[in-house]
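Below: one structure, written as structure tokens.
The sequence lines fix the lettering, A, B, ..., with proteins before strands; numbering per chain opens at 1.
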Amino acid sequence: MEERPQAKDKSYNPQAIEKKWQDKWEADKLYRAVIDTSKPKHYALTMLPYPSGDLHIGHWYAITPSDARARYMRMKGYNVLFPMGFDAFGLPAENAAIKEGIHPMKRTFENIERMRKQMRTMGAMFDWEREAVSASPEYYKWTEWFFIQLFKQGLAYRKMSAVDWCPNCNTTLAREQVWGDDRHCERCGTPVIKKNLDQWFFKATKYADELLNFDDMDWTQTVKTLQTNWIDRSEGAEVKFRIASNQSSVNSNQSELNTDDWSLITVFTTRPDTLWGATFMVFSPEHPLVDKITTEENKSAVNEYKAQAARQTEIQRGAVDKEKTGVFTGAYAINPVNQKHIQIWIADYVMMSYGTGAIMAVPAHDERDFAFAKKYDLPIIEVIRPDVETLHATSLQAAYIGAGEMVNSDQFNGTKVSTEKGRKNPGIVTVLDWIAAQGIGKESINYRYRDWLISRQRYWGAPIPMIHCETHGWNPVPEDQLPVTLPEDVEWRPTGESPLKLHPTWKNTICPICGGPATRETDTMDTFMCSSWYHLRYLSPKYDQGPFDQAEYDYWMPVDTYTGGIEHATMHLLYTRFFHKAMRDAGVTKGKEPMIQLRNQGMVLGEDNDKMSKSKGNVVAPDLLVNKYGADSVRAYIMFFARWEMGAPWDSQGIEGTVRWIRRVWTLFTDSVSNGLETDERMNASDEVRKNLRRKVHQTLRKVTRNFENFDFNTVVSSLMELMNEMYKAREAGAAGTDAWKEAQEIYLKMMAPVAPHISEELWTNHLGKPYSIHTQLWPAVDEEATREDSIEIPVQVNGKLRDKVIVPAEASEDEIRAAALASEAVQKYLEGKEPRKVIVAKGRLVSIVV
RNA sequence: GCCGGAGUGGCGGAAUAGGCAGACGCGCACGACUCAAAAUCGUGUUCCCUACGGGAAUGAGGGUUCGAUUCCCUCCUUCGGCACCA
């Protein structure tokens with residue numbers, strides 16, 4: 001056996017113990033994860049941090065319970081991979097460069113080194129040999145490679161459009177990165193503006209339906225809901241309306257669907273059953289057809305309205321209770337179901353960004369259309385009549401959106417309409433099938449979800465590996481020329497253009513098709529591209545024949561347990577799912593999903609119940625806590641003080657509780673009496689004491705096991721505290737030194753090991769003299785026989801009120817329990833001599849007597 | 001407005017499957033040790049009452065049940081997401 005690192009120490013000195021074991025574990029490669037087909041694998045992953053420079057308490061809160069769970073799984077016999085790395089590209093490093101002139105590369109790698117050191121104090125089971133850093137060329141070579149694969153799959157495209165721009169970060173943002181009512185930048189909080197730019201997008205919408213499917217995924221309900229809402233699928237129909245303006249050569253053949261003909265305008269509706277009630281049409285002011293259809297006499301009014309709409313911000317325009325406004329274009333459309341001519345208006349309540357940018361307005365059955373029709377005195381035709389006839393009279397006061405039957409709808413009169421959406425609604429399905437047969441329209445699904453805007457006008461990111469040639473357009477950099485490396489000699493200027501564009505030579509290259517002069521793409525990639533595949537780079541971070549070693553992939557993937565904050569619900573967690581599916585179709589990845597199980601931790605707030613921030617002065621520095629109390633106590637408190645998924649405000653006094661627990665465990669194990677080394681009058685435990693101790697130990701083991709399975713870290717710790725209290729009592733009763741005591745000590749340390757890895761190793765190896773290391777021990781098995789109670793206390797209720805407790809043998813029959821309950825004096829008192837009407841015996845739990 | 005989470009002592013929180021509400025800890029109070037304090041150890045600690053004893057209580061109100069923190073309905077508060085989404 002190996003030499004034990006240090007002689008026993010009487011007093012608890014966490015700083016010495018923790019450093020000693022961290023060094024030994026590292027020297028022994030105790031946490032090295034290598035393929036071992038003899039064991040089931042478990043890939044435990046926690047979201048990688050951005051190297052901001054200092055580890056804060058939020059990192060501890062996210063990482064150490066995940067580490068404890070990974071350690072538990074290891075003891076359960078799994079071959080566990082628990083890697084760590086850094087999401088190292090991003091704006092803060094570049095902004096610091098602008099401000100202080102320090103190169104982002106230098107700063108980032110210094111920060112990483114600093115954070116690595118701090119992370120080592122956690123005593124986590126990271127396999128550092130698998131560390132991945134997204135800003136290193138060995139990593140971003142493959143980020144670029146993945147871009148090219150997406151391009152080859154037809155999933156990367158360039159488009160000119162009005163995109164969100166953060167004026168503070170000086171870059172575009174994806175839709176997911178614009179948050180809140182004021183539409184601010186997710187990173188810096190600045191309200192975004194719109195800019196028309198030519199940008200790279202990934203066709204994430206192609207996977208919209210697949211991304212809505214969470215079958216067999218053990219993800220938190222919240223994230224599933226957020227993603228579902230974000231994608232927001234809505235079922236309906238596209239319907240073609242012919243424009244009846246005399247300016248166009250109207251083809252009178254109604255059944256012909258000619259998509260190139262601008263005189264046919266498509267609208268999206270979720271209510272095709274209300275087509276007969278469409279009494280006018282509304283275009284978004286930005287709709288490209290507006291200029292073509294507007295008649296001469298309406299031109300000036302329309303142009304003025306368009307200009308006014310353009311001046312408004314998206315927020316002003318989106319204000320829900322704003323009064324509806326609009327102007328008539330002078331043009332008419334023909335309702336395809338009844339050939340009626342209906343007016344075409346423009347109004348800012350119709351958005352160009354949703355559906356087709358034009359709607360059929362059914363004022364009788366849509367609140368917005370109703371308000372608009374009332375204001376401009378447009379016709380309102382009822383086409384859904386409520387089943388209850390009395391409601392009929394109200395139909396002119398407000399739009400009716402409830403169930404009923406179709407009226408004023410020709411052959412469909414009398415068709416039932418429910419409040420269900422899509423094909424589940426009998427009215428909708430009937431009309432859908434009919435319009436499809438008539439060639440008027442077709443079933444259609446609309447999504448709120450948008451393609452992923454990937455271009456960033458910044459330096460510190462992975463270059464987009466594309467080359468533009470005057471004659472051959474955009475082509476990827478040949479794969480054998482990857483990586484396209486970032487030049488180091490760039491100037492930091494917040495110009496709104498990528499610093500790469502301002503570099504004198506970097507962008508000049510040759511066209512991969514013709515060899516002629518060409519230019520590189522100077523924008524870089526959204527850093528979420530880097531984090532969409534980092535779980536794959538961990539598999540083989542030094543591998544240079546591909547993004548990952550296939551053998552490692554086949555053994556470790558998919559990720560079994562993924563943990564992280566909920567703030568990434570519609571960003572990283574959606575991007576990485578899209579990425580996996582796109583790469584699966586490219587033959588790179590396998591399986592339906594990259595991450596099987598997802599758990600989200602909550603947030604640690606400041607003691608003032610506010611979000612922690614430097615400006616509020618309420619931040620908690622984990623380094624200071626570790627220095628003061630030791631990592632084990634900090635870990636234990638992190639797991640103990642809140643429900644992990646909920647989070648809670650920090651309480652600097654509360655930590656004293658787990659500090660005391662750790663110290664009392666130390667005392668319990670290092671006291672000579674505890675080890676049975678001293679003869680003492682207390683060492684004379686009765687059979688009963690020993691039996692009771694074993695019972696409590698195995699009951700606790702059962703509970704702690706379940707708690708680890710369920711990520712209930714707070715009750716893991718509280719159960720261990722409870723058992724410790726029992727062990728102190730058992731020692732008082734003379735249990736020390738008995739077999740039951742020795743078993744209790746062993747099981748106790750094994751249960752404690754995932755929470756407090758250092759002290760449990762020290763006590764296990766040096767005080768109990770057990771073989772190193774406790775972290776390679778197997779999780780103990782519950783002795784069910786030992787957990788069984790001899791006698792049980794049964795509460796007795798009379799008319800639902802607790803009146804007494806009776807003690808009966810555990811194996812007592814229902815009749816015996818009933819008899820014991822009725823024999824109770826207190827119970828008799830409340831019966832007042834009356835015969836009970838009913839006596840319910842819940843076996844082993846409770847007796848309920850009804851008088 | 002729509003969708004989702006959460007409401008339990010002074011505080012964080014606990015409660016397999018509908019069965020003793022408040023485990024565990026913080027804080028507080030009292031006691032032991034001490035010249036004293038800290039630390040440590042012990043005891044107590046939901047609220048109300050004429051306190052041996054009884055009553056109320058898990059956001060509010062109703063329902064199902066012998067029995068509800070747990071299941072159902074209505075509502076309130078709060079946090080998060082979405083929102084003139086057609």
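We find that CZ of A:R183 is positioned 12 Å from C1' of B:A83, with the value rounded to whole Å. The CD-C1' distance, from A:E367 to B:C85, rounds to 14 Å in whole Å. Taking atom CD of residue A:E235 and atom C1' of nucleotide B:A86, one finds them 15 Å apart after rounding to whole Å. As rounded to whole Å, 19 Å separates atom P of B:A86 from atom CZ of A:F283. Computed from coordinates, the A:L605 CG to B:C79 P distance equals 12 Å when rounded to whole Å. To the nearest angstrom, P of B:G81 lies 18 Å from CD1 of A:I231. The nearest whole Å value for the distance from the OH atom in A:Y354 to the P atom in B:C82 is 16 Å. Taking atom CG on A:D348 and atom P on B:A86, their separation rounds to 18 Å, with Å as the unit.
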**Request:** Would you mind building the protein contact string for nucleotides 18-24 of chain B? One character per nucleotide, 5' to 3', B for base within reach (heavy atoms under 4.0 Å), S for sugar-phosphate only, - for untouched.
**Result:** -BB--BB

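Scanning both residues, A:P754 and A:F708, for their nearest heavy atoms gives CB-CZ, 3.7 Å. Considering every non-hydrogen atom in both A:D348 and A:A309, the closest pair reads CB-CB, 4.5 Å.
Taking 4.0 angstrom as the limit, A:S234 places a side-chain polar atom (N or O) nearer than this to OP1 or OP2 of B:A86. Between A:Q653 and B:G27, a side-chain N or O to OP1/OP2 separation shorter than 4.0 Å is present. At B:U8, none of the side-chain N or O atoms of A:R643 fall inside 4.0 Å of OP1 or OP2 (strictly under the cut-off). For the pair A:R448 and B:A86, the criterion of a side-chain N or O lying under 4.0 Å from OP1 or OP2 is not met.
Within the structure, the salt bridge (charged side-chain N to carboxylate O under 4.0 Å, His left out) test picks out no pair touching residues 649-664 of chain A (sequence neighbours left out). The salt bridge (charged side-chain N to carboxylate O under 4.0 Å, His left out) pairs that include a residue from residues 355-373 of chain A are A:D366-A:R368, where partners are two or more places apart or lie in different chains.
Residues of residues 657-664 of chain A having a heavy atom closer than 4.0 Å to RNA chain B, listed by number: A:G657, A:R660, A:R663, A:R664.
The side chain to side chain contact (heavy atoms under 4.5 Å, CB included) check on A:M217 picks up A:F214, A:W219, A:R577, A:K592, A:E593, with sequence neighbours excluded. Evaluation of the side chain to side chain contact (heavy atoms under 4.5 Å, CB included) rule for A:A744 yields A:L693, A:V697, A:M727 as partners, not counting sequence neighbours. By the side chain to side chain contact (heavy atoms under 4.5 Å, CB included) test, A:T705 pairs with A:Y72, A:K76, A:L701, A:W779, sequence neighbours left out.
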Side chains of residues 265-273 of chain A: which donor-acceptor partners sit under 3.5 Å, not counting sequence neighbours?
from   : atom 1 : to     : atom 2 : distance (Å)
A:T266 : OG1    : A:K240 : NZ     : 3.2
A:T269 : OG1    : A:R271 : N      : 2.9
A:R271 : NE     : A:D273 : OD1    : 3.0
A:R271 : NE     : A:D273 : OD2    : 3.3
A:R271 : NH2    : A:D273 : OD2    : 2.9

Can you list, pair by pair, the side-chain donor-acceptor contacts under 3.5 Å of residues 798-810 of chain A, counting residues two or more places apart and other chains?
from   : atom 1 : to     : atom 2 : distance (Å)
A:N799 : OD1    : A:V851 : N      : 3.0
A:R803 : NH1    : A:Y830 : OH     : 3.4
A:D804 : OD2    : A:S824 : OG     : 2.6

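The residue among A:Y728 and A:G647 whose nearest nucleotide of RNA chain B lies closer to the 5′ end is A:G647. Each of A:R368 and A:M724 was assigned the nucleotide of RNA chain B with the nearest heavy atom; the assignment lying further toward the 5' end belongs to A:M724.
Checking side-chain atoms of A:H365 against main-chain N and O of A:Y400 turns up a donor-acceptor pair under 3.5 Å. Between the side chain of A:D451 and the main chain of A:T205, a donor-acceptor pair closer than 3.5 Å is present. A donor-acceptor pair under 3.5 Å links the side-chain atoms of A:R599 to the main chain of A:D218, judged by distance alone. At distances below 3.5 Å, at least one donor-acceptor pair connects side-chain atoms of A:H184 with backbone N or O atoms of A:W179.
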Expected rows: protein N/O vs nucleotides 57-65 of chain B N/O, under 3.5 Å:
none

For nucleotides 54-56 of chain B, which of its nitrogen or oxygen atoms have a protein nitrogen or oxygen under 3.5 Å away, and what is each distance?
from  : atom 1 : to     : atom 2 : distance (Å)
B:G54 : OP1    : A:Y830 : OH     : 2.3
B:G55 : OP1    : A:R803 : NH2    : 3.3
B:G55 : OP2    : A:R803 : NH1    : 3.2

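Using a 4.0 Å heavy-atom cutoff across all strands shown, A:N799 reaches no nucleic acid atom at all. Within the nucleic acid shown, A:G326 has no heavy atom closer than 4.0 Å to any nucleic acid atom. Residue A:N229 is classed as a base contact, given a heavy-atom separation below 4.0 Å to a base.
Across the C1' atoms, B:G18 and B:U65 are found 9 Å apart, a figure rounded to whole Å. Distance noted for atom P between B:C48 and B:C41: 30 Å (whole Å). Here the separation of B:U74 from B:G27, taken at their C1' atoms, is 39 Å to the nearest Å. The separation of B:G19 from B:A38, taken at their C1' atoms, amounts to 46 Å, rounded to a whole angstrom. Straight-line distance between the C1' atoms of B:G61 and B:A14: roughly 27 Å, to the nearest whole Å. Taking the C1' atoms as reference points, B:A57 lies 38 Å from B:A39, given to the whole Å. Rounded to a whole angstrom, the distance from the C1' atom of B:A21 to that of B:C47 is 14 Å. Atom name C1', nucleotides B:C30 and B:G7: the rounded distance is 34 Å, in whole Å.
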**Prompt:** What's the verdict on side-chain contact (heavy atoms from CB on, under 4.5 Å) for A:M47 and A:T563, showing C-alpha distance, side-chain angles and the deciding distance?
**Reply:** CA-CA 6 Å; A:M47 290 181 188; A:T563 58; over 6 Å; no

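If you run ring-ring contact (aromatic ring centres under 6.0 Å, His included) between A:F280 and each of A:F372, A:W345, A:F241, only A:F372 comes through.
Looking at A:Y449 and A:T570, their side chains never bring a donor and an acceptor atom within 3.5 Å of each other.
Nearest to the side chain of A:F641, among B:U16, B:C3, B:G12, sits B:G12.
Between A:W452 and A:Y575, the distance separating the two ring centers is shorter than 6.0 angstrom.
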**Message:** What does the 5'-to-3' dot-bracket notation of RNA chain B look like when only Watson-Crick and G-U wobble pairs under 3.5 Å count, and pairs to other strands show as |?
**Reply:** (((((((..(((......[....)))((((((.......))))))((((...))))..(((((..]....))))))))))))....

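For the pair A:K324 and A:Y349, the distance from NZ or CZ to the six-membered ring centre is under 6.0 Å and the angle to the ring normal is within 45 degrees.
Applying the 90° criterion around 0 to the glycosidic angle, B:G9 comes out syn.
Taking the side chain as every heavy atom from C-beta outward, A:Y748 and A:V665 approach each other to under 4.5 Å.
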